[in-house]
J.: 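I am attaching a structure below and will ask some questions about it afterwards.
Computed from a predicted structure; not experimentally measured. We count residues from 1, following the sequence as given. Computation of the quantities below employed the complete heavy-atom set of this structure, encompassing side-chain atoms and omitting hydrogens, waters and symmetry-equivalent molecules.
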Amino acid sequence: MKQNLHTHSIFCDGKDTIEEMTLEAISKGFDILGFSGHGYLSIDDGSMRDIKGYISEVQRIKSKYSSSIQIHLGIEEDMLGRISEKAPFEYVIGSKHFLGETAVDYSKPVFDSLFESYSGDYKKMCKDYYSDLSNMYDWQEVDVIGHLDLITKYNEDESYFKFNDKDYMNIVCDCIDRLLINDKIFEVNTGAIARGYRKTPYPSKNILEYLYAKNARICLNSDCHDKNYLDCAFESSLDLIQSCGFKELQILTKDGFVPVKIK
């Protein structure tokens with residue numbers, strides 16, 4: 001089964017229409033495609049302003065291409081813009097993009113400024129980030145935790161902190177443990193690879209190994225904003241996932257999420 005549930009269109013900050021993305025998914029052999037437009041957030045110009053139009057268009061495309069691909073209506077909910085209820089969405093990706101009102105993934109200069117505001121104290125910055133993210137453990141509408149370690153987007157060279165730093169990993173693991181209280185699914189997200197910021201997906205390998213040790217459920221998503229990268233780095237990411245011990249991925253069906261064996 002080939003699936004992507006983290007997909008953005010022109011209704012938010014994506015480059016392509018919902019129909020264009022769907023046709024690309026069909027051409028690339030996807031079985032399942034889920035749309036997850038950014039829920040409205042006043043401080044985020046890339047979030048959806050026409051949610052009703054988005055819902056209507058996804059439903060139209062879902063019906064039009066039902067014989068070729070399984071389409072799901074979802075939303076990516078930022079912690080600063082929690083939705084009032086899950087319906088009519090079939091699934092919700094819960095994400096944290098901000099520390100205060102500063103986006104951790106907007107640009108490296110913005111991240112540098114944020115890091116400097118913490119006086120270069122990565123431990124305090126990461127603790128604030130992951131401690132808040134862990135509060136999503138009891139958000140009943142959230143199915144999938146999006147790009148868990150987004151805060152490391154500009155850290156592939158480990159110039160800010162080491163991925164295997166004991167203090168950092170303790171903070172991350174505490175967050176994971178809390179999110180697992182209600183068995184949240186964690187996505188492996190290749191979006192930063194598509195945009196040239198990383199060579200490996202979120203989360204980092206040592207976090208994936210911890211997730212496996214904790215029997216966490218995972219899914220593979222591309223966080224696609226451009227149809228040309230709909231399955232970006234899926235093969236190499238599957239190799240990484242398997243090297244960490246995982247044998248299953250979660251897929252979304254009409255009956256909810258179910259595990260499938262990695263072929």
Side-chain angles (χ1 to χ4, degrees), residues 1-6 31-32 34 36 74 76 91-96 122-123 126-127 129-139 142-153 155-156 158 161-194 197-223 231-253 256-263:
M1 299 293 289
K2 191 173 182 180
Q3 167 187 266
N4 181 59
L5 297 178
H6 198 152
D31 302 284
I32 300 166
S36 56
E76 183 177 9
Y91 69 99
V92 175
I93 296 174
S95 300
K96 180 174 175 62
Y122 81 90
K123 184 175 179 179
C126 291
K127 189 168 185 178
Y129 184 85
Y130 287 109
S131 294
D132 189 38
L133 178 59
S134 75
N135 290 324
M136 211 173 262
Y137 83 97
D138 64 350
W139 290 25
V142 172
D143 302 288
V144 178
I145 302 299
H147 38 58
L148 175 72
D149 57 347
L150 183 67
I151 198 170
T152 69
K153 179 175 180 177
N155 192 53
E156 186 161 73
E158 298 186 309
F161 51 88
K162 300 294 184 183
F163 286 111
N164 64 355
D165 180 278
K166 183 178 178 181
D167 290 332
Y168 170 71
M169 280 303 298
N170 285 339
I171 292 167
V172 177
C173 292
D174 285 347
C175 173
I176 290 170
D177 290 348
R178 197 168 187 224
L179 291 168
L180 284 174
I181 291 172
N182 287 311
D183 196 26
K184 300 300 186 190
I185 299 167
F186 295 81
E187 72 166 6
V188 177
N189 180 311
T190 67
I193 301 175
Y197 293 104
R198 292 174 67 121
K199 295 181 178 64
T200 57
Y202 308 111
S204 58
K205 184 177 181 181
N206 50 342
I207 295 176
L208 274 174
E209 290 171 339
Y210 185 77
L211 287 168
Y212 175 72
K214 300 296 286 189
N215 295 312
R217 297 183 295 158
I218 64 168
C219 61
L220 176 59
N221 289 329
S222 62
D223 196 350
D231 57 358
C232 177
F234 269 24
E235 290 301 320
S236 60
S237 295
L238 281 171
D239 289 342
L240 174 63
I241 287 166
Q242 290 177 293
S243 76
C244 293
F246 288 98
K247 296 177 176 61
E248 297 177 337
L249 294 175
Q250 296 291 315
I251 65 163
L252 183 57
T253 73
F257 284 92
V258 299
V260 295
K261 296 291 184 182
I262 299 173
K263 302 294 185 183

J.: Measuring only between side-chain heavy atoms, which start at C-beta, is Phe257 closer than 4.5 Å to Leu5?
T.: yes
J.: Is it the case that the side chain of Asp149 and the backbone of Tyr202 share a donor-acceptor pair, with hydrogens and angles ignored and the cut-off at 3.5 Å?
T.: no
J.: For the backbone of Asn206 and the side chain of Asn164, can you confirm whether one donor and one acceptor N or O come within less than 3.5 Å of each other?
T.: no
J.: Going by atom types only, do Asp177 and Tyr210 share a side-chain donor-acceptor pair under 3.5 Å?
T.: yes
J.: Do Leu238 and Leu220 touch side chain to side chain, with heavy atoms closer than 4.5 Å?
T.: yes
J.: For the NZ atom of Lys184 and the CG atom of Asp138, what is their distance to the nearest 0.5 Å?
T.: 7.5 Å
J.: Do Phe246 and Leu211 come close enough that some side-chain heavy atom pair is under 4.5 Å?
T.: yes
J.: Determine the minimum heavy-atom distance between Tyr91 and Gly34, stating which atoms define it.
T.: OH-C, 3.0 Å
J.: Looking at Gly94 and Val142, what are the two nearest heavy atoms and their distance?
T.: N-CG1, 3.7 Å
J.: Applying side-chain contact (heavy atoms from CB on, under 4.5 Å) to Tyr212 and Ile218, what does each step give before you reach the verdict?
T.: CA-CA 9 Å; Tyr212 175 72; Ile218 64 168; over 6 Å; no
J.: Distance from Ser95 atom OG to Ile145 atom CD1, nearest 0.5 Å?
T.: 8.0 Å
J.: Using every non-hydrogen atom in the two residues, find where Thr200 and Glu156 come nearest and quote the distance to one decimal.
T.: N-OE2, 3.5 Å
J.: Return the NE2 to CG distance between His6 and Asp223, rounded to the nearest 0.5 Å.
T.: 3.5 Å
J.: Verify, without hydrogens or angle tests, whether Ser237 (side chain) and Phe234 (backbone) share a donor-acceptor contact under 3.5 angstrom.
T.: no
J.: Does the Lys123 side chain pair with the main chain of Ile171, one donor and one acceptor, at a distance under 3.5 Å?
T.: no
J.: Do Glu187 side-chain atoms and Cys219 backbone N/O form a donor-acceptor pair below 3.5 Å?
T.: no
J.: Treating Ser222 as the side-chain partner and Cys232 as the backbone partner, does any N or O pair qualify as donor plus acceptor under 3.5 Å?
T.: no
J.: To the closest 0.5 Å, what do you measure between NE2 (His147) and CD (Glu76)?
T.: 4.5 Å
J.: Would you compute the distance between atom CG of Asp143 and atom CG of Asn182 and round it to the nearest 0.5 angstrom?
T.: 11.5 Å
J.: I'd like to know if the side chain of Arg178 reaches the main chain of Tyr137, judged simply by a donor and an acceptor atom lying under 3.5 Å from each other, with no hydrogens or angles considered.
T.: no
J.: So, for Leu208 and Cys244, which heavy atoms are closest and what is the spacing to 0.1 Å?
T.: CB-SG, 3.7 Å
J.: Is the number of heavy atoms from other residues, nucleotides or ligands under 6.0 Å of Lys2 NZ greater than 12?
T.: yes
J.: Any side-chain heavy-atom pair from Ser36 and Asn221 closer than 4.5 angstrom?
T.: no
J.: A side-chain contact here means heavy atoms from C-beta on lying under 4.5 Å apart; do Lys96 and Ile151 qualify?
T.: no
J.: Using the side-chain contact (heavy atoms from CB on, under 4.5 Å) rule, pick out the option among Asp31, Leu249, Thr253 that qualifies with Met1.
T.: Asp31
J.: Do Ile207 and Phe186 have side chains that get closer than 4.5 Å, going by heavy atoms?
T.: no
J.: After noting the C-alpha distance and the side-chain angles of Ser236 and Lys199, does the key distance pass the side-chain contact (heavy atoms from CB on, under 4.5 Å) rule?
T.: CA-CA 10 Å; Ser236 60; Lys199 295 181 178 64; over 6 Å; no
J.: Quick check for you: to the nearest 0.5 Å, what is the distance between Ser134 atom OG and Leu148 atom CG?
T.: 10.5 Å
J.: Look at the aromatic rings of Phe161 and Tyr168 and report parallel, tilted or perpendicular, splitting at 30° and 60°.
T.: tilted
J.: Is the closest side-chain heavy-atom distance between Asn4 and Asp231 below 4.5 Å?
T.: no
J.: In sequence, state the C-alpha distance, the side-chain angles, and the governing distance for Tyr122 and Asp165, and then conclude on side-chain hydrogen bond (donor to acceptor under 3.5 Å, both in side chains).
T.: CA-CA 11 Å; Tyr122 81 90; Asp165 180 278; 2.5 Å; yes
J.: Would a 4.5 Å heavy-atom cut-off, applied to side chains only, mark Asn189 and Leu150 as touching?
T.: no
J.: Show me the pairs that pass salt bridge (Lys or Arg N to Asp or Glu O under 4.0 Å) and involve residues 234-252, at least two apart or across chains.
T.: Glu248-Lys261
